[in-house]
There are 4 protein chains.
Amino acid sequence: MSKSGERSQTFQHIIDASLQLFNQEGERVITTNHIAERMNISTGKLYYHFRNKEEIISELYQRYVKGMAEQLSAALKHSNSIEAMVGAMEKTLRHIWSFRFLPKSMPSLYYLHPELAENHQQLSRGQLAGKLAQLFARLREQEVLQGDDKQLAHLVQHFQMVQTGWVTTLKHSATPSELERMVKDGCRSLLYLVAPYVNPRYRPPFDRVCARYA
Amino acid sequence: MSKSGERSQTFQHIIDASLQLFNQEGERVITTNHIAERMNISTGKLYYHFRNKEEIISELYQRYVKGMAEQLSAALKHSNSIEAMVGAMEKTLRHIWSFRFLPKSMPSLYYLHPELAENHQQLSRGQLAGKLAQLFARLREQEVLQGDDKQLAHLVQHFQMVQTGWVTTLKHSATPSELERMVKDGCRSLLYLVAPYVNPRYRPPFDRVCARYA
Amino acid sequence: MSKSGERSQTFQHIIDASLQLFNQEGERVITTNHIAERMNISTGKLYYHFRNKEEIISELYQRYVKGMAEQLSAALKHSNSIEAMVGAMEKTLRHIWSFRFLPKSMPSLYYLHPELAENHQQLSRGQLAGKLAQLFARLREQEVLQGDDKQLAHLVQHFQMVQTGWVTTLKHSATPSELERMVKDGCRSLLYLVAPYVNPRYRPPFDRVCARYA
Amino acid sequence: MSKSGERSQTFQHIIDASLQLFNQEGERVITTNHIAERMNISTGKLYYHFRNKEEIISELYQRYVKGMAEQLSAALKHSNSIEAMVGAMEKTLRHIWSFRFLPKSMPSLYYLHPELAENHQQLSRGQLAGKLAQLFARLREQEVLQGDDKQLAHLVQHFQMVQTGWVTTLKHSATPSELERMVKDGCRSLLYLVAPYVNPRYRPPFDRVCARYA
DNA sequence: AATGAATGAGCCTTCATTCAT
DNA sequence: AATGAATGAAGGCTCATTCAT
């Protein structure tokens, strides 16, 4: 059943354990030895599956971007309903939260691994921003949003920055209920960001949604 | 003429060299040995003036916040003129740029030094956000801006996040002319963020200012 | 054939090299770098087997106490013969000699690692003193020694102190023949300490033994 | 009024502060910087009065020995009264306590400063042991003690070792009442050591004294 | 595939001591 | 006499990575 693209189970386990530890303790604090120890595997095993620590981070980054892209694609499919949009927004925030070490560590990682920076520019500013722009454009077509190209281009940029800003201000761990609160706050913040560009005609349903996050 | 609050020259030199190296190479990459080596001083000298690396960062952080606070205070004094406001905004961005390693490293430093996080919350979310809120409130009084309290509160938050997001996306070094470009881009981005809350009456002068950053 | 309690060969080598260097040069003088250098291994290897220098000392201390306990247990088995007793005493002194850095360094280590002090109190004042007390009690039962409980309790204490006092006055290295001399002197000293409590009936054999150490 | 042998006030202060810190925190832990800091003087001043740290320790050691010698001399003067003897013993223990860092650190210092070891042998084994031997000899003349030369020679040695053993087992700090207890315990221990050599004729007064330390 | 011992450059920091003033 | 900034060798320890098995 092993398709060509399929990664070994161990590969996946290492990714999972690394993500968990990076999120909780910080990538800078967690060593490859920590990861192996936590998983009860040898460091050798870890280095059999990954050339180095950077490769783990890189893999996690790709999954992060992939998840973001999927959320945005899903949102595109339901771009007619404000409800669906906000649902996608929530999911996106949860996804960011589950990779929260990345927005926190990325900028300082650029110094260490300049390749990551280029990669990131390409993916985040490129692919993701592109998708988000597409989404906003679609919403404008449907007359949910309004605004000229420049305005929407900046909205895209601001939207991403506020998303990132949101996670970086959160603490490293949270109980499920704390997370609910955080996600709510994040959504509200993003809604306020978008609000000025909501078409007056769609204002009532938009405000109804906003009310849920007050 | 040595005032009480005055620090030794060496102290200042270490701060300067550290800031330069941190900005260029990244705080994570630069060790206390690097700093001493670059300055052609002994490590002992460095540790005579600072208990440890964290203390250097902490001192830089305090100067960063102090500078931000000063810019905001200056902006408050000239809050009647849109021109002056934007001038302050530019200065603020330049100031952030000159401490750019901080917004980039802060989130990953929280993992290492949780005390910094608390301190930061207090100063950045507290003092600086407070001053910014004051500024926006003043502008609303003068009918330059409009919006309810909640809107302006979120504007404050977004404004800070976009400022931070701005620097973190920049590369580590830049020629003077590159810097000019970056600052312009940053200002424009912030102006777009504020734009929806500009009172229609002040739209013409605002647009004129915006035009300069196009 | 590897039993569960068995430590790696390297572990043992490090212990051996450390003991040798500590005895010869002093624990305070010998750094972990010295140990690694002397063994022609990397510092990393040393720290792979021991968390820190204290752990090496702690391991040595445990072996020291274990050896002491074994000597005392052996002595208890042959407690009927004065000859055997003195043989055990000699062995004990040789054992102390082979860990001589410990009695010399222990008091100054308490300042650095207070945990060691508690541990030591428990083991030395507790376990070892207990065994020694048992031994003296047995000898009293057999009417080799005499004295009330308090006297014997103090004898235990004095015996330990004189043993310790003995090593601390010796120089750090000695030729085999010098060592013989030292051990003889130590035994004689201890015999003199015990002498007042020897039952007159056992005086002749006791004096015969003493004569060998004159 | 400054006699040739008189040391400056600062010299004395440094000695006092060092003794206090060494006793409380351990010579190994206390740096020359600590001493200067505690005294609110510059390190330069400290090094003006002492060539190095060792010289401070050496000076303290000399005072320690001098004090011991004085106690013994005083005891010699009153060697006819058991009461006076025990009083001297108490004083001696208090004196040792006030220099307690020395017996604790001496053996490990020998490794660092072999000169100290020679010095110590000469003074402690030589001068002090000589005086103590003299005292015991006197007491034998007065028929307070009994025992042949060898026995008394060993008693001297044991006496010194138990004194030293006594301090090294104590904790570093103590309240006045704790100190009283410790001194009592120490005296009792020493009395038990001497007891076998007390002339039966002097047993009753001796036992009376002992009773006070029970 | 996996082990896990080993590497070693390098990190942060200390501290006895010096020396220009 | 005194200051206090400066020295710099050295100390304990880490950690990404390698490699023989």
Side-chain angles (χ1 to χ4, degrees), chain A residues 8-11 14 28-37 39-57 112, chain B residues 8-11 13-14 28-37 39-56 112, chain C residues 8-11 13-14 28-37 39-56 112, chain D residues 8-11 14 28-37 39-57 112:
Chain A
S8 78
Q9 211 188 354
T10 304
F11 185 95
I14 294 170
R28 192 169 175 174
V29 173
I30 294 300
T31 71
T32 47
N33 291 325
H34 281 134
I35 298 168
E37 205 173 327
M39 297 179 65
N40 286 318
I41 65 170
S42 65
T43 48
K45 189 169 181 175
L46 190 151
Y47 274 87
Y48 179 82
H49 291 277
F50 293 89
R51 244 205 316 279
N52 50 40
K53 192 184 174 185
E54 191 190 344
E55 208 169 88
I56 300 177
I57 296 167
L112 278 159
Chain B
S8 82
Q9 214 185 350
T10 305
F11 185 96
H13 281 164
I14 294 170
R28 190 169 174 175
V29 173
I30 294 300
T31 71
T32 47
N33 289 338
H34 285 138
I35 299 168
E37 213 170 317
M39 297 179 68
N40 285 318
I41 63 170
S42 65
T43 51
K45 186 170 180 173
L46 191 152
Y47 277 89
Y48 180 78
H49 292 278
F50 294 89
R51 245 203 307 281
N52 49 42
K53 191 184 172 187
E54 193 188 343
E55 206 168 272
I56 299 177
L112 279 159
Chain C
S8 82
Q9 214 186 348
T10 305
F11 185 96
H13 281 163
I14 294 170
R28 190 168 175 176
V29 172
I30 294 301
T31 71
T32 48
N33 290 336
H34 285 137
I35 299 167
E37 213 170 314
M39 296 179 68
N40 286 317
I41 63 171
S42 65
T43 52
K45 185 170 181 175
L46 192 152
Y47 277 91
Y48 180 79
H49 292 277
F50 294 88
R51 245 203 309 280
N52 49 41
K53 191 185 173 186
E54 194 189 342
E55 206 169 272
I56 300 178
L112 278 159
Chain D
S8 79
Q9 213 187 354
T10 304
F11 185 95
I14 294 171
R28 193 168 174 173
V29 173
I30 293 300
T31 71
T32 47
N33 292 327
H34 281 134
I35 298 168
E37 206 173 326
M39 297 180 64
N40 288 316
I41 64 170
S42 65
T43 47
K45 187 169 181 175
L46 191 152
Y47 274 87
Y48 179 82
H49 291 278
F50 292 89
R51 245 205 315 278
N52 50 40
K53 192 183 175 187
E54 192 190 343
E55 207 168 88
I56 300 177
I57 296 167
L112 279 157

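Both backbone and side-chain heavy atoms feed into the values below; hydrogens, waters and symmetry mates do not. Sequence lines set the chain letters: A, B, ... in the order given, protein chains first and strands last, and positions in each chain run from 1. It should be emphasised that the depicted structure is a prediction, and the values quoted were computed from it without experimental measurement.
- Checking C:S42 against B:E54, the closest nucleotide of DNA chain E that is more toward the 5' end is the one next to C:S42.
- Among the candidates C:I56, C:I41, C:I14, the single residue satisfying the side-chain contact (heavy atoms from CB on, under 4.5 Å) test with C:H49 is C:I14.
- Considering only the side chain of B:H49, F:dA6 comes nearest among F:dA6, E:dT17, F:dG12.
- Considering only side-chain atoms of A:Y48, the nucleotide from E:dT7, F:dA2, E:dA2 that sits closest is E:dA2.
- Atoms CD (A:Q9) and C1' (E:dA1) sit 14 Å apart, rounded to a whole Å.
- Taking only side-chain atoms of C:T31, from C-beta outward, the nucleotide of E:dA6, F:dG12, F:dA16 with the closest atom is F:dG12.
- Using a 4.0 Å heavy-atom criterion, one finds that D:K45 contacts the bases of the nucleic acid, with or without backbone contacts as well.
- In this structure, A:N40 atom CG and E:dT3 atom P are separated by 10 Å, rounded to whole Å.
- The distance between atom CZ of B:F50 and atom P of E:dT14, rounded to the nearest whole Å, is 15 Å.
- Each of B:T43 and A:I41 has a nearest nucleotide on DNA chain E; the 5'-most of these lies closest to A:I41.
- No donor-acceptor contact under 3.5 angstrom links the side chains of C:T10 and C:H13, judged on distance only.
- What you find for B:F50 and B:E55 is that their closest heavy atoms are CA-OE2, 3.7 Å.
- Considering only side-chain N and O atoms, D:Y47 lies under 4.0 angstrom from the phosphate OP1 or OP2 of E:dT17.
- Here B:R51 contributes atom CZ and B:L46 contributes atom CG; the two are 13.5 Å apart, rounded to the nearest 0.5 Å.
- Comparing the P positions of E:dA1 and F:dT21 gives an interatomic distance of 23 Å, to the nearest angstrom.
- Residue contacts for C:H34: at a heavy-atom cut-off of 4.0 Å it reaches the sugar-phosphate backbone alone, with no base atom in range.
- Using a 4.0 Å heavy-atom distance criterion, C:N33 is classed as a base contact.
- Rounded to whole Å, atom P of E:dA2 lies 10 Å from atom CE of A:M39.
- Computed from coordinates, the D:R28 CZ to E:dT14 C1' distance equals 14 Å when rounded to whole Å.
- Residue A:N52 comes nearest to A:Y47 through the heavy atom pair CA-CE2, 3.7 Å, listed as atom of the first residue, atom of the second, then distance.
- The shortest heavy-atom contact between D:I30 and D:K53 is O-NZ, 3.0 Å.
- Under the Watson-Crick or G-U wobble criterion, with both distances below 3.5 Å, F:dT21 is paired with E:dA2.
- In this structure, the NZ atom of B:K53 is 9 Å from the P atom of E:dT13, given to the nearest Å.
- Base pairing analysis places F:dA10 opposite E:dT13; the two distances defining the Watson-Crick or G-U wobble pair are each below 3.5 Å.
- Summarising the geometry, the separation between CG on A:N52 and P on F:dC15 is reported as 17 Å, rounded to the nearest angstrom.
- Atom-to-atom, CD1 of D:I35 to P of F:dT3 comes out at 16 Å; the value is rounded to the nearest Å.
- If you find the closest nucleotide of DNA chain F to B:T10 and to C:G44, the one lying nearer the 5' end belongs to B:T10.
- When distances run from any side-chain atom of C:T32 to the nucleotides F:dA6, F:dT3, F:dG12, the shortest one goes to F:dG12.
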